[in-house]
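The analysis underlying the following values was restricted to heavy atoms, covering all of them including side chains, and did not include hydrogens, waters or symmetry mates. Note that ligands are numbered from 1 as they come in the structure, with each ligand's atoms numbered from 1 the same way.
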Amino acid sequence: MKLFSAKQLKEADQATEKNEGITSIDLMERAAGQAFEWIDAQLKGQQVPIYIFCGIGNNGGDGLALGRLLLNKKYDVHSFVVNYSENRSKCFLINYDRYKNTSKEWPKLLKSVDDFPDIPANALVVDAIFGIGLNRPLDQWVKQLVIHINQSKTFTIAIDVPSGMFVDSATPDLEAVIEASVTLTFQAPKLPFFLPETARFSNSIQVLNIGLDGNYLAETPTKAKLITKPDVQKMYQPRDKFSHKGTFGHALIVGGSYGKMGAVTLAVKACLRAGAGKTTTYIPESGYTILQTAVPEAMVIAAQESKHLVDFSVSNEYEAIAIGVGLGTDVKTMKGFKKFLETNKTQLVLDADALNLLAQDKELLKLLPKNCVLTPHPGELERLVGKWKNDFDKLKKTVSLSKSIDGVVVIKGAYTITVYHDQYYINSTGNPGMATAGSGDVLTGIITGLIVQGYDVLTAAVFGVYLHGSTGDLAAQQTGYNSLIAGDLIDFLGDGFIHLFRSDNVPQETAGNNRKNSN
Ligand SMILES: NC(=O)C1=CN([C@@H]2O[C@H](COP(=O)(O)OP(=O)(O)OC[C@H]3O[C@@H](n4cnc5c(N)ncnc54)[C@H](O)[C@@H]3O)[C@@H](O)[C@H]2O)[C@@H](O)CC1
Ligand SMILES: [K+]
């Protein structure tokens with residue numbers, strides 16, 4: 001699903017008006033109508049005081065149109081105009097007049113803190129103060145109004161975006177943003193709904209389709225995409241009946257150190273479960289028995305050194321090498337790692353301590369082969385790219401890193417973002433249960449397993465991240481969040497694949513009939 005910028009959404013509005021021969025006031029009526037339908041479907045006529053706060057631009061126009069529709073359905077509506085400027089938009093003014101013709105009570109003008117109404121605890125608040133047009137910090141008194149609404153702790157519905165949130169750049173003041181209970185967003189979600197600093201404001205997102213021009217939406221490329229099930233269904237490569245283990249590649253997992261062999265165990269198991277034809281691990285000698293016992297399906301090459309890997313001389317028979325899980329950052333390991341990078345030509349997935357080693361000596365980044373995949377969590381990313389000022393700056397820095405290595409960077413988090421050059425792929429699956437030791441090792445294994453089967457690195461990263469999250473969601477249905485451990489992600493990975501082609505609304509016992517493809 002594409003995440004359009006504010007500028008693109010405005011262009012889509014214009015294309016719709018032109019191609020359908022409608023005016024922006026018609027489009028606003030459509031948007032407000034959709035919001036009304038949604039709210040009416042929840043309230044079903046129940047009488048609660050509805051407090052609508054409207055700005056003086058088109059977001060405010062939406063609020064007034066919504067207020068009129070609610071009044072027509074005999075809801076108890078109290079409207080306020082947040083008079084932050086005299087530059088009222090045309091559509092606001094038209095809806096202001098229409099509102100006055102519907103209601104005996106005019107919207108109350110708010111001009112300063114003294115005008116703020118008390119908001120009853122049982123009220124439903126509608127936030128239509130600012131939408132995607134916000135482009136500078138709020139006036140002090142408008143910020144105070146946002147704080148006043150947030151402090152009311154009432155159920156708050158934001159129209160299009162929570163007011164105060166910037167869509168295409170970092171939100172300058174995180175105290176001046178509406179904390180929405182639900183965000184009714186038009187046509188497509190917006191990028192900051194998924195970024196760590198701002199995601200908490202746009203809780204529970206409902207996308208309302210207002211029928212913007214299909215051609216414009218289809219043909220306009222976006223920097224950011226939200227990756228959902230239909231996107232990954234297209235990525236899945238069905239298996240040929242006559243395939244054999246050689247068809248699905250050979251992966252090497254390099255890592256482990258004394259006390260950290262579990263990381264390799266998890267990665268190699270995940271790699272196999274993701275579908276790699278063969279896997280080999282290259283580990284310090286002390287892990288030999290552990291690996292052979294824990295994962296009989298994997299081959300093991302034990303290095304001479306017992307506790308840390310020092311020498312990384314591996315053959316070039318693998319389709320991909322994952323390196324870093326449980327590796328440690330011993331000085332000798334660093335030396336060997338550098339030597340390995342100087343000669344290696346195989347596709348790489350770098351995680352954990354491999355990233356820490358790269359961060360210790362950034363010159364090593366130049367030795368990475370094209371199209372490698374880096375999977376840092378925020379701490380590892382910061383060590384690689386330096387401190388960022390905000391989420392947008394973090395993306396910018398990650399884009400630079402991706403371009404400089406000509407590879408893929410997976411920023412792990414609640415919404416994991418895969419960055420390739422200046423494209424962002426935002427993952428929609430996963431849950432807080434996955435914040436547990438070893439979860440990242442499993443992801444490394446999954447991505448590596450997909451690469452060796454022939455998925456290109458970007459697809460392997462985006463698809464792998466989705467699968468990892470959806471598997472976590474399936475596992476959590478059995479374990480709950482607290483009890484989910486990384487091993488569960490491996491156990492449920494098969495269900496993750498099967499679930500890709502299962503309709504979400506079909507009860508479990510009949511779901512199998514709806515499977516188009518399974519692994
Ligand atoms: N045809 C259309 O254009 C449609 C617009 N829609 C609504 O229109 C919204 C966008 O409307 P607008 O572009 O009018 O903008 P907003 O209503 O989001 O903001 C109002 C205006 O205030 C000014 N402004 C920006 N920051 C300010 C600040 N800190 N203090 C004071 N003034 C500030 C800007 O000039 C901005 O245009 C969307 O989010 C959506 O809710 C929907 O009705 C769908 C159709
Ligand atoms: K809003």
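Side-chain polar atoms of Thr444 and Asp441 form no donor-acceptor pair below 3.5 angstrom.
For the K ion (ligand 2), the set of nearby N, O or S atoms under 3.4 Å includes one belonging to Ile159. Metal site remark for the K ion (ligand 2): Asp160 contributes no N, O or S atom at a distance under 3.4 Å. Taking 3.4 Å as the threshold, Ala128 does not count as a candidate ligand of the K ion (ligand 2), since none of its N, O or S atoms lies below it. The K ion (ligand 2) has Val161 among its coordinating residues (N/O/S atom, backbone or side chain, under 3.4 Å).
Atoms of ligand 1 found under 4.0 Å from any heavy atom of Asn135, numbered from 1 in the order shown, are 25 (C), 26 (N). Counting the atoms of ligand 1 from 1 in the order shown, those under 4.0 Å from a heavy atom of Lys10 are 12 (P), 13 (O).
Atom 37 (O) of ligand 1 has Gly133 O, 4.2 Å as its closest protein atom, hydrogens excluded (heavy atom only). Nearest protein neighbour of atom 31 (C) of ligand 1, counting heavy atoms only, is Tyr84 CD1, 3.3 Å. Annotation: atom 19 (O) of ligand 1 to nearest protein heavy atom, Phe130 CD2, 3.8 Å. For atom 24 (N) of ligand 1, the nearest non-hydrogen atom of the protein is Arg136 NH1, 3.6 Å.
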message: Does Ile129 form a side-chain contact (heavy atoms from CB on, under 4.5 Å) with Ile149? I'd like the steps, not just the answer.
response: CA-CA 12 Å; Ile129 307 172; Ile149 292 172; 4.2 Å; yes
task: May I have the step-by-step check of ring-ring contact (aromatic ring centres under 6.0 Å, His included) for Phe392 and Phe166, ending in yes or no?
output: CA-CA 11 Å; Phe392 279 81; Phe166 282 42; 9.5 Å; no
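The shortest heavy-atom contact between Asp127 and Val161 is OD2-O, 3.8 Å. Residues Ala180 and Ala158 come closest through the heavy atom pair CB-CB, 3.7 Å.
At least one N or O atom of Gly131, backbone or side chain, sits closer than 3.5 Å to an N or O atom of ligand 1. By the 3.5 Å distance cut-off applied to N or O atoms, Glu17 is counted among the residues near ligand 1. Where the criterion is an N or O separation shorter than 3.5 Å, residue side chain and backbone included, Asn59 meets it with respect to ligand 1.
Contacts classified as ring pair (Phe, Tyr, Trp, His ring centres under 6.0 Å) and involving residues 413-442 (residues at least two apart or in different chains) are given here: Phe194-Tyr415.
At least one heavy atom of Leu134 sits less than 4.0 Å from an atom of ligand 1.
Residue Asn122 places its CG atom among more than 12 non-hydrogen atoms of other residues, nucleotides or ligands, all under 6.0 Å distant.
Vertex the K ion (ligand 2); arms to Ser163 atom OG and Phe130 atom O; angle 70° (nearest 10°).
Note on Lys143 versus Asp173: salt bridge recorded, some NZ/NE/NH1/NH2 to OD/OE distance being below 4.0 Å.
Nearest N/O/S atom of Asp127 relative to the K ion (ligand 2): this is O.
The closest heavy-atom contact to atom 40 (C) of ligand 1, among the options Asn58, Asp62, Asp26, comes from Asp62. Which of Asp13, Leu9, Leu27 comes nearest to atom 2 (C) of ligand 1 through a heavy atom is settled by distance: it is Asp13.
With a 4.0 Å cut-off on non-hydrogen atoms, Pro137 touches ligand 1 through its backbone and not its side chain.
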